[in-house]
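Beneath this line is the structure, given in structure tokens, with notes to follow.
First listed ligand is number 1; within each ligand, the first listed atom is number 1.
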Amino acid sequence: MVTYNFDTITSRKGTNCAKWDAAESLFGEKDIIPMWVADMDIPVAKPITDALRKRTEHEFYGYSLPVQFSTSIVNAVQNRMMRKYSWKIEPEWIVSTPGIVSALYTTVKAFTVPGDSVILQDPVYYPFWGAIEDNGCHVANNQLKLVEGYYEIDNDDLAAQFEPVVRVIPSTPRVRMMILCNPHNPVGRVWTREELIKMGKIAIGNKAIVVSDEIHGELLFKGYQHIPFASISKEFEQNSITCIAPSKTFNLAGLQSSILIIPNADLRSKFEETRKGFLPVANILGMVALEAAFNDGDEWLEQFLDYMQHNMEFLRDYFESRIPKIKVIKPEGTYLLWLDCRELGLTPKALAKFMNSKARVGLDHGFAFGPGGEGFERINIACSKPILVKALKRIELAVKDLD
Ligand SMILES: Cc1ncc(COP(=O)(O)O)c(C=O)c1O
């Protein structure tokens with residue numbers, strides 16, 4: 001057994017690392033602790049490094065085949081879905097992509113026409129907005145409800161999004177798609193089976209395709225279980241696209257390797273047709289890392305999740321006892337915690353400036369996630385505890401200074 005020590009701090013500066021090397025220009029401060037973009041300041045599992053090392057000993061990096069042609073990668077994906085969720089997927093459903101965001105852009109392009117609407121649930125991961133609007137579509141905002149500190153889906157509003165508005169061509173349904181985030185970034189909810197069934201019935205009943213981004217599906221706090229949307233029923237399976245990747249779970253975002261699971265053959269061929277010429281398959285090292293992570297990464301993952309549980313509990317206690325004006329939304333999954341800062345009484349812009357320049361902690365500002373994010377900040381806790389402690393102390397001092 002390998003025991004990992006996640007307390008060790010390794011500098012990532014000067015490695016063309018977005019999180020650290022862009023922090024000064026992004027936040028306008030030299031001495032800033034970056035806790036924004038969703039990657040980890042924690043080294044990867046040993047089996048991943050070993051597999052990459054072995055592959056680089058074979059000094060050829062020519063064109064690769066899509067993952068469907070590699071039995072061992074297909075097996076790794078199939079086995080993981082079965083092991084984690086008892087979900088049986090067929091080899092031909094597996095589609096290789098070089099990242100989920102580019103895949104989402106392609107998906108919207110494939111299944112909508114400009115002028116259509118796509119549902120999302122604000123506040124939500126900001127590239128979802130871009131994937132919709134940059135394809136000439138409109139966001140139909142099924143904003144989440146915050147009820148006593150707990151985010152819920154507003155099913156009445158979801159159903160209302162499908163009600164006819166003035167249509168140019170009456171027979172064309174305007175809302176063609178819903179992009180679901182499960183677990184939800186940034187509010188940290190892991191949607192339950194019941195919630196998914198209610199939501200899915202409304203969306204699919206209205207002939208929308210559900211694109212379920214499940215990139216955070218394995219990042220769960222104790223007591224929570226991720227349910228792939230498509231695994232709920234054959235009907236859900238046939239009307240959805242599931243996005244998975246080892247990139248969040250195993251810290252491999254720079255290797256750009258992700259998978260779409262598209263059980264419906266018509267949807268799959270439309271996606272493949274649309275991607276031609278601009279969405280390549282994942283790169284060769286990304287595929288090696290994916291296979292190693294899915295097959296042999298669990299020992300590391302278990303220890304990492306324990307560490308995140310500890311960081312999360314430490315942060316919640318810290319805010320509760322020392323910075324009570326900022327409320328932590330109880331997280332169920334992801335390593336991105338959602339901070340309700342509305343009691344500080346700052347405008348969204350002033351709050352951003354406060355975090356950047358007074359606290360000198362580089363957070364993702366809530367308004368970037370949509371109007372429902374105003375007054376909130378998102379903090380990434382996938383770092384060693386000493387970094388987290390330093391950041392919390394800075395926020396504490398800055399808040400004290402406000403009083
Ligand atoms: C919900 C969600 N989807 C997708 C991504 C990014 O995926 P990729 O790097 O594969 O484009 C992120 C990254 O934070 C995310 O939170």
Ligand-side contact atoms (ligand 1) for residue partner [X], heavy atom cut-off under 4.0 Å:
{"X": "N185", "answer": "15 (C), 16 (O)"}
{"X": "H216", "answer": "1 (C), 15 (C), 16 (O)"}
{"X": "G99", "answer": "10 (O), 11 (O)"}

* Can the ring centroids of F128 and Y125 be said to lie less than 6.0 angstrom from one another? -> yes
* **Shortest reach to atom 15 (C) of ligand 1 by a heavy atom, considering only Y125, Y126, F128** => Y125
* Closest non-hydrogen protein atom to atom 11 (O) of ligand 1, residue and atom name please, with distance? -> V101 N, 2.9 Å
* Asked: Which heavy atom of the protein is the closest neighbour of atom 3 (N) of ligand 1, given with residue, atom name and distance?
  -> D213 OD2, 2.6 Å
* Check each of R394, K393, K400 against E396 using the salt bridge (charged side-chain N to carboxylate O under 4.0 Å, His left out) test, and report the only one that passes. => K400
* **Minimum side-chain heavy-atom gap F319-L339 below 4.5 Å** => yes
* **Any S64 side-chain heavy atom under 4.5 Å of F69 side chain** => no
With a heavy-atom distance limit of 4.0 Å, tell me whether [X] approaches ligand 1 through its side chain, its backbone, both, or neither.
{"X": "C181", "result": "side chain"}
{"X": "I215", "result": "side chain"}
{"X": "Q256", "result": "neither"}
{"X": "A38", "result": "side chain"}

* Less than 3.5 Å between some nitrogen or oxygen of K248 and one of ligand 1, yes or no? -> yes
* To do: Verify whether one side chain among S233 and E235 offers a donor that lies under 3.5 Å from an acceptor in the other.
  => no
* Which is it for R275 and E273 under the salt bridge (Lys or Arg N to Asp or Glu O under 4.0 Å) test, yes or no, and what are the steps along the way? -> CA-CA 6 Å; R275 79 184 293 173; E273 199 183 293; over 6 Å; no
* Any sub-3.5 Å donor-acceptor pair from Y335's side-chain atoms to C383's backbone N or O? -> no
* Could you tell me whether a side-chain N or O of D154 sits under 3.5 Å from a main-chain N or O of K145, the two making a donor and an acceptor? => no
* **atom 9 (O) of ligand 1 touched by protein heavy atom at under 4.0 Å** => no
